[in-house]
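Counting begins at 1 with the first residue of the sequence.
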Amino acid sequence: MAIDPSKPSDSYLAFWRERRICTLTTLRPDGTPHVVAVGATYDPEGGEKGIARIITNKNSRKVANVLAAGPEGARVAVCQVEGGYWATLEGVARIRTEAEVVADAVERYAARYDRTPTPNPDRVVIEIALTRAMGRA
């Protein structure tokens, strides 16, 4: 079911605020999908249609995949599932390294996952400008 990522239903937004692991799908330079488990946060009020954020190490394969797509960003999807309920956010990912952006993403992660990540000087944010949402939540 299609959902406006900037105007999700209360149940869809609640599903994204519960503590659960997600998957992030990026494309490798050869076009094959790279799918990994991540923690993600969803901000429907950020950007034009909402923003999803993932904190990670700057040397990760997922970061390399996003960077390889070039300055226009990489098409990605982040998904989560619980039983018969699921939710996917799609958009264009870019890597953010600014200290205030990283700190904000860490705070959002800590609020969703009820734990503050260990400090990491190599931490970056995969910021996804959302273009589409779908699911059954």
(request) Side-chain contact test, heavy atoms from C-beta onward, threshold under 4.5 Å: evaluate it for Ile128 versus Ile51 and give yes or no. (result) no
(message) Please tell me whether Ile95 and Val36 are part of a single hydrophobic cluster in this structure, the criterion being side-chain heavy atoms less than 4.5 Å apart.
(response) yes
(message) Parallel, tilted or perpendicular: which one describes the rings of Tyr85 and Phe15, with boundaries at 30° and 60°?
(response) tilted
(request) Please round to the nearest 0.5 Å and tell me the distance separating atom OH of Tyr109 and atom CD1 of Ile54. (result) 11.0 Å
(request) Answer yes or no: does atom CD of Glu18 have more than 12 heavy-atom neighbours from other residues, nucleotides or ligands under 6.0 Å? (result) yes
(request) Determine the minimum heavy-atom distance between Ile3 and Gly135, stating which atoms define it. (result) CD1-N, 3.9 Å
(message) Grouping I, L, V, M, F, W and Y whenever their side-chain heavy atoms are under 4.5 Å apart, do Val66 and Leu24 come out in a common cluster?
(response) yes
(request) Compare all side-chain heavy atoms of Val78 with those of Val76 and state whether any distance is below 4.5 angstrom. (result) no
(request) For Arg112 and Ala40, indicate whether the former's side chain and the latter's backbone hold a donor-acceptor pair under 3.5 Å. (result) yes
(message) If you count every heavy atom of other residues, nucleotides or ligands that lies below 6.0 Å from Glu45 atom CD, does the total exceed 12?
(response) no
(request) Look at Arg94 together with Glu127 and state whether they make a salt bridge at an N to O cut-off of under 4.0 Å. (result) no
(message) Strictly below 4.0 Å, N to O, side chains only: are Arg19 and Asp114 in salt-bridge contact?
(response) no
(message) When you measure from the side chain of Arg28 to the backbone of Pro33, do you find a donor-acceptor pair of N or O atoms at a distance under 3.5 Å?
(response) yes
(message) Ignoring hydrogens and geometry beyond distance, is a side-chain donor-acceptor pair present between Thr131 and Arg75 at under 3.5 Å?
(response) yes
(message) Please check this pair: side chain of Tyr12 against backbone of Met134, looking for a donor-acceptor N/O pair closer than 3.5 Å.
(response) yes
(message) Same cluster or not: Val38 versus Val63, using hydrophobic residues (I, L, V, M, F, W, Y) connected whenever any side-chain heavy atoms lie under 4.5 Å apart?
(response) yes
(message) Which residue in the set Arg108, Arg17, Lys49 passes salt bridge (Lys or Arg N to Asp or Glu O under 4.0 Å) when paired with Asp43?
(response) Arg108
(message) Applying side chain to side chain donor-acceptor pair (under 3.5 Å) to Lys62 and Thr56, what does each step give before you reach the verdict?
(response) CA-CA 9 Å; Lys62 54 192 166 287; Thr56 189; 3.2 Å; yes
(message) Has Arg136 got a side-chain atom pairing as donor or acceptor with Gly84's backbone, closer than 3.5 angstrom?
(response) yes
(message) Is any side-chain heavy atom of Val102 closer than 4.5 Å to one of Glu100?
(response) no
(request) Indicate yes or no for a side-chain donor-acceptor contact from Ser6 to the backbone of Pro44 under 3.5 Å, with no hydrogens or angles considered. (result) no
(request) Group every Ile, Leu, Val, Met, Phe, Trp and Tyr by side-chain heavy-atom contacts under 4.5 Å, then state whether Leu67 and Val124 land in the same group. (result) yes
(request) Answer yes or no: is there a side-chain heavy-atom contact under 4.5 Å between Ile55 and Pro117? (result) yes
(message) If hydrophobic clusters are built from ILVMFWY residues whose side chains come within less than 4.5 Å, do Leu89 and Leu13 share one?
(response) yes
(message) On a heavy-atom basis, which atom in Cys22 and which in Tyr113 lie closest, and how many Å separate them?
(response) SG-OH, 4.0 Å
(request) Evaluate whether atom CG of Asn59 has more than 12 neighbouring non-hydrogen atoms of other residues, nucleotides or ligands under 6.0 angstrom away. (result) yes
(message) Could you tell me if the side chain of Thr41 sits less than 4.5 Å from the side chain of Trp16, heavy atoms only?
(response) no
(message) Please report the interatomic distance CZ(Arg123) to OG1(Thr97), rounded to the nearest 0.5 Å.
(response) 14.0 Å
